[in-house]
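A short worksheet on the structure shown next.
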Amino acid sequence: MAPAYKLSYFNFRGLAETARFLLNYGGIEFEDVRVTQEEWPQLKEKMPFGTLPVLEHDGKQAGQSIAIARYLAKQVGLAGKDDWENLEIDAIVDTINDLRLKLLAIHFEKDEEKKKTLLETAAKETIPYYITRLETIVQQNNGHLALGRLTWADFYFTTVCGAFDFFFGGDCLANSPSLKSLVQKVNELPAIKKWIEIRPKTEF
Amino acid sequence: MAPAYKLTYFDGRGVAEAARFLFKYGEVEFEDVRVKRDDWPQLKEKTPFGQLPVLEHNGKQIGQSISICRYLAKVVKLTGNDDWENLEIDATVDTINDLRQKISAAHWEQDAEKKKKLRETLLNETIPYYLQRLEAQAQKNKGYLVLGHLTWADMYFTSGGTGFDQFVGSNTFDKYPTLKALREKVEALPAIKKWMEARPKTEF
């Protein structure tokens, strides 16, 4: 019998990795579809808004990586206990995503001079601004990003923070022991450790 | 007695208007704080991540406009009945936000040549791409964006309408009759109509 869930994305960790972490953490079988660049143009039109990742379940499709992660978190017990707790998790995830989007915008800047300046600002100001505040939050939250316990916010940060190193030009968590410790803790959860060992090895 | 909620934002509709719509729809009292530009630098450092809007409730502060809306939607009962239904709403809201961010990027572009090009692409390609698909989705959902009934996705969509009209011109929606009818329906809800008449008239 086919798995209950099918997750389609490109052959990267990228925006789908949080969902993959959650599915593995919860021991939920899923079809981990990796679309090639050749296949994508034809498949694009079949996706709700021409984007990936897309989660399929019970004959229905839904896009949007963070929305998918929020849904899966509820299935595997990594969401909040009430609406305000979920807001706290959501707000941290959105904040980390804000940083990701700022860096992505720089990445796509075509003007080389402008890009150089933007990268410098990112490394010296933007990334430290966010990382310092996130570090404080983790220190005040029992080693986690929200609610003093493991939530999908911890998975989200762990899967995207590698990209921050690229823009920082080094280990952006070098001065953030609590965040570093959190990432390590997540990566060493048995189900996650196993997934990291078996998952396709891709550049990002 | 002070209202249970305080929403702080700049003096504009911007990304806070969806939350205001939800408060008004649900007849939930809130303090609608509008920060003047001159007062912002001092206040910025007191916010979680130097951004607005911020929602305050029970002595806690939280940022992130869409997550605030997701929380308020639960308070005013404009959510789905289960996790997948909520995923469907989330995915549509995130998609509309994707479009909003693209429009915002064009709006804030300083270089006149670049801005002209971005605007052309938006008007000729991006906006039609999104609105055609949202139109088709609304046609399949009894005139609502998701789940065949009013949800916070419809509030989110409609609250951005005034700003959208400013950017693209108010007759854009003539091509998308289902979406146009949806906007009109939401704007005609007594609480929303009253709010739109009473709210401060602002540039953005």
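We name chains A, B, ... by the order of the sequence lines, and we start the count at 1 in each one.
- Within the 4.5 angstrom heavy-atom criterion, only side-chain atoms of A/Leu101, from C-beta onward, approach chain B.
- Both the backbone and the side chain of A/Glu88 come within less than 4.5 Å of a heavy atom of chain B.
- Contact count versus chain A (heavy atoms, under 4.5 Å) is highest, among B/Ala105, B/Ala136, B/Ala91, for B/Ala91.
- If you measure heavy-atom distances from B/Asn58 to chain A, you find no contacts under 4.5 Å at all.
- Note: A/Arg70 leads A/Arg133, A/Arg70, A/Gln75 in heavy-atom pairs under 4.5 Å with chain B.
- Checking each of A/Thr151, A/Thr95, A/Asp154 against A/Leu145 for a side chain to side chain contact (heavy atoms under 4.5 Å, CB included) leaves exactly one that passes, namely A/Asp154.
- Between atom CZ of residue B/Arg20 and atom CD1 of residue B/Ile68 there is a gap of 11.0 Å, rounded to the nearest 0.5 Å.
- One N or O on the side chain of B/Gln166 and one on the backbone of B/Glu203 form a donor-acceptor pair closer than 3.5 Å.
- Interface residue B/Leu134: backbone and side-chain heavy atoms are both found under 4.5 Å from chain A.
- Only the side chain of A/Tyr129 comes within less than 4.5 Å of a heavy atom in chain B; its backbone stays farther off.
- Of the atoms belonging to B/Tyr130, heavy atoms from both backbone and side chain fall under 4.5 Å from chain A.
- Environment of NZ in B/Lys117: sparse, with no more than 12 heavy atoms of neighbouring residues, nucleotides or ligands closer than 6.0 Å.
- Neither the backbone nor the side chain of A/Asp58 comes within contact range of chain B; no heavy atom of the residue lies under 4.5 Å from a heavy atom of that chain.
- Shown here for B/Ile192 and B/Glu187, the closest heavy-atom pair between the two residues is CG2-CA, 4.0 Å.
- In this structure, chain A has heavy atoms under 4.5 Å from both the backbone and the side chain of B/Arg133.
- Residue A/Asp83 touches chain B through both its backbone and its side chain, counting heavy-atom pairs closer than 4.5 Å.
- Across B/Val93, B/Ile66, B/Asp94, B/Asp90, the residue that shares the most heavy-atom pairs under 4.5 angstrom with chain A is B/Asp94.
- Looking at B/Arg183 and B/Asp165, a side-chain N of the basic residue comes within less than 4.0 Å of a carboxylate O on the acidic one, giving a salt bridge.
- Contact of the A/Tyr9 side chain with the A/Glu17 side chain is not registered, since no non-hydrogen atoms from C-beta on lie closer than 4.5 Å.
- Under the 3.5 Å distance criterion, the side-chain polar atoms of B/Lys115 are matched with a main-chain donor or acceptor of B/His107.
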